[in-house]
Protein chains: 2
Amino acid sequence: MRISEEMVKHIQAIIKKTGYIPNRAAASLRTGRTHVIGLIVEDIANAFFASLAKSVESVAAKVGYRVVYGSTENDDGKGNDLIQLLAKQVDGFLITPSTGMKAGVQALKKTRKPLVLIDRYFPDEEIPFALVDNYGGVSQATEYLIEKNKKNIAFVNVALDQVQMNERERAFVDVMSRRGLFHKKLLLRLPYYQDKTQYEPRIRSFLQKQPGIDAIIFATNYLGMFGIKALKDLDIAIPGKVAVLSFDDTDLFRFSSPAISVISQPVQEIAAQAMRLLLDQMNAGPKKKAADEGVLVPPQLILRNSV
Amino acid sequence: MRISEEMVKHIQAIIKKTGYIPNRAAASLRTGRTHVIGLIVEDIANAFFASLAKSVESVAAKVGYRVVYGSTENDDGKGNDLIQLLAKQVDGFLITPSTGMKAGVQALKKTRKPLVLIDRYFPDEEIPFALVDNYGGVSQATEYLIEKNKKNIAFVNVALDQVQMNERERAFVDVMSRRGLFHKKLLLRLPYYQDKTQYEPRIRSFLQKQPGIDAIIFATNYLGMFGIKALKDLDIAIPGKVAVLSFDDTDLFRFSSPAISVISQPVQEIAAQAMRLLLDQMNAGPKKKAADEGVLVPPQLILRNSV
DNA sequence: CTGAAAGCGCTTACAG
DNA sequence: CTGAAAGCGCTTACAG
């Protein structure tokens, strides 16, 4: 301590009296660091991403970082704009990329800006990522339904061609095929709609065409949400006639009657791992290179009354 | 046009080739403007605030502004910290203040930083605000239940001493008293819990103590959510035994069986009005003072199967 | 009309 | 050790 306690007090009194607040824009201009992390998610209004954002925020706050968000809504243009917009204003990125953001993400990586992908990744790119074990989660759920003696299990997916959705479907197809239960007609792939209400009629007509279904796995929370609505509209008893399981846990599934069984993502853990990988990069000096590591976090199968 | 089209093309090609991105920190340092708006809400994970944030974001984008969020969780310290943190980095604030943020908000006003309160306000302060007509909404809902011949209508509120909650309760008490139906024991005021699951047992024991209740109005979405859970746990039929109405519309209320009737806030309109008031202030020159206006937006009573 | 220079508010390497 | 000066990347008032 080279400065006397007295002086410290004196200065702090002045700071308080004059209401001095340092200008971060100036500090950032000088140091090149902003102490802000950019979090780009698919849709901040979706329960999964909202809770992911909250977790990231709390982990980041502990190490002195703030977080700014943006939603891509799976629109490549919007996503790439967000990268552009935030690039100079954040010390690092946490990104949920849509398929078409690959070029943007590659370009970002070339600039050596710290970057971690979450929820999904590019299998052929060496970019660190943190996400749930999608394949494992759906495998376990499918096995469970088969053990419960279900024969005609349907899988409802969204045709985004993103790795996490592909893995969920691949797990379903693999397990079902292994047991000789796979039929193509039990696989429903719907387009990605901004307006999620459009899923309800689509799922309803699928259910009407496939009356033999005795269980359904929904690949996302919004598919599950509107799928349940479709089932109720058609007066199909859950789980009496059809057992139901969905990816992602939300209030709606917990509060639904019957409560819906889910493959739950450990959001806290995903956020913590992603931040760890990001901090690794941000703190890595020019010599020691941060590891191009990918982390797969195990999901949790939560059984409720819908199966 | 003083610059030839050719030159414009040439420069833009170079911009693209070199990947030039202007440094906003530098621009902001020079101009004093950031083109960012700070949105401080109660809890970004709450469906109401998430949808409000989304609306604000879309209105702001149209006029060239970005939005950064923060959640207070009704913690005065956290709220005031957010103001401090963002003060120099935003051109204006949209704030959902907790009671203890009054001093912080007053101080902010003195700095002449553009500022609009949303969702709630300080009745004795001249700060522009945009929110729903809470009194009108609950009045209408209460009248409706009385017309439906309900005699023992309960009101479940959270004891936050914030103007919007007070107005909701005041409307209920006024209407019930006018009809000679008000009983103090039908009014439940619960503390504000971070962990919302705590509301369920509290509401459950209230219901057990007051078996004569034939209708309930929940003053917030989370009270409604856990209130419905409590009713179902106790096997109280909705609406057979007890009619249910909640403030705020959410997926959960729309998807619940029975679907829950709500006093819905026109989020788009609140966001649009708040942004209008904020832009007024941000564009007001030093001479013309922006109006210290307050806007009350009418809510919508959406009747579903729970009444 | 146009180009060079000043300055926003910080941080830090450097001269003394 | 300490204080003054340079410079981060922009924008804009100003000199020529």
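Protein chains get the first letters and strands the later ones, always in sequence-line order, with residue 1 at the start of each. Since the structure is predicted, the reported quantities are computational estimates derived from the model, not experimental observations.
Residue pairs satisfying the salt bridge (Lys or Arg N to Asp or Glu O under 4.0 Å) criterion with at least one member in residues 90-107 of chain B, sequence neighbours excluded, are listed as follows: K102(B)-D124(B).
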Listing time: all N or O pairs from protein to nucleotides 12-15 of chain D that are below 3.5 Å?
unit_1, atom_1, unit_2, atom_2, d
dT12(D), O4', R30(B), NH2, 3.4

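Shortest non-hydrogen contact noted between K196(B) and Y193(B) is NZ-O, 3.0 Å.
Annotation: dC14(C) and dG9(D) have their C1' atoms spaced 23 Å apart (nearest Å).
Rounded to whole Å, the distance from CZ on R24(A) to C1' on dG9(D) is 20 Å. Note: NE2 (H35(B)) to P (dC10(D)) measures 15 Å, nearest angstrom. Between the P atom of dC8(D) and the CZ atom of R33(A) lies a distance of 19 Å, rounded to the nearest Å. Rounded to a whole Å, the CD1 atom of I21(A) is 10 Å from the P atom of dC10(C). Going from atom CG of N23(A) over to atom P of dC10(D) covers 16 Å, rounded to whole Å. The distance between atom CG of L29(A) and atom C1' of dC10(D), rounded to the nearest whole Å, is 8 Å.
When the side-chain contact (heavy atoms from CB on, under 4.5 Å) test is applied to T197(A), the partners found at least two apart in sequence or on another chain are D195(A), F226(A). For the salt bridge (charged side-chain N to carboxylate O under 4.0 Å, His left out) test, no residue two or more places apart in sequence or in another chain qualifies with D133(A). For E269(A), the side-chain contact (heavy atoms from CB on, under 4.5 Å) test picks out P266(A), Q273(A), V297(A), with sequence neighbours left out. Considering only residues two or more places apart in sequence or on other chains, N80(B) meets the side-chain contact (heavy atoms from CB on, under 4.5 Å) condition with I83(B), M101(B). Considering only residues two or more places apart in sequence or on other chains, R66(A) meets the salt bridge (charged side-chain N to carboxylate O under 4.0 Å, His left out) condition with none of them. Partners of A274(B) by side-chain contact (heavy atoms from CB on, under 4.5 Å), not counting sequence neighbours, listed by chain and number: L94(B), V116(B), I118(B), A130(B).
One finds a salt bridge joining E42(B) and R120(B) here, because a Lys/Arg side-chain nitrogen approaches an Asp/Glu carboxylate oxygen to under 4.0 Å.
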Q: Taking Watson-Crick and G-U wobble pairs with both distances under 3.5 Å, convert DNA chain C into its dot-bracket string, 5' to 3', dots for unpaired and | for cross-strand pairs.
A: |||.||||||||.|||

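Side chain of P22(B), nearest nucleotide from dT11(C), dC8(C), dC10(D): dC10(D). Listed candidates were dG9(C), dT11(C), dC10(D). Nearest to the side chain of A26(A) is dG9(C).
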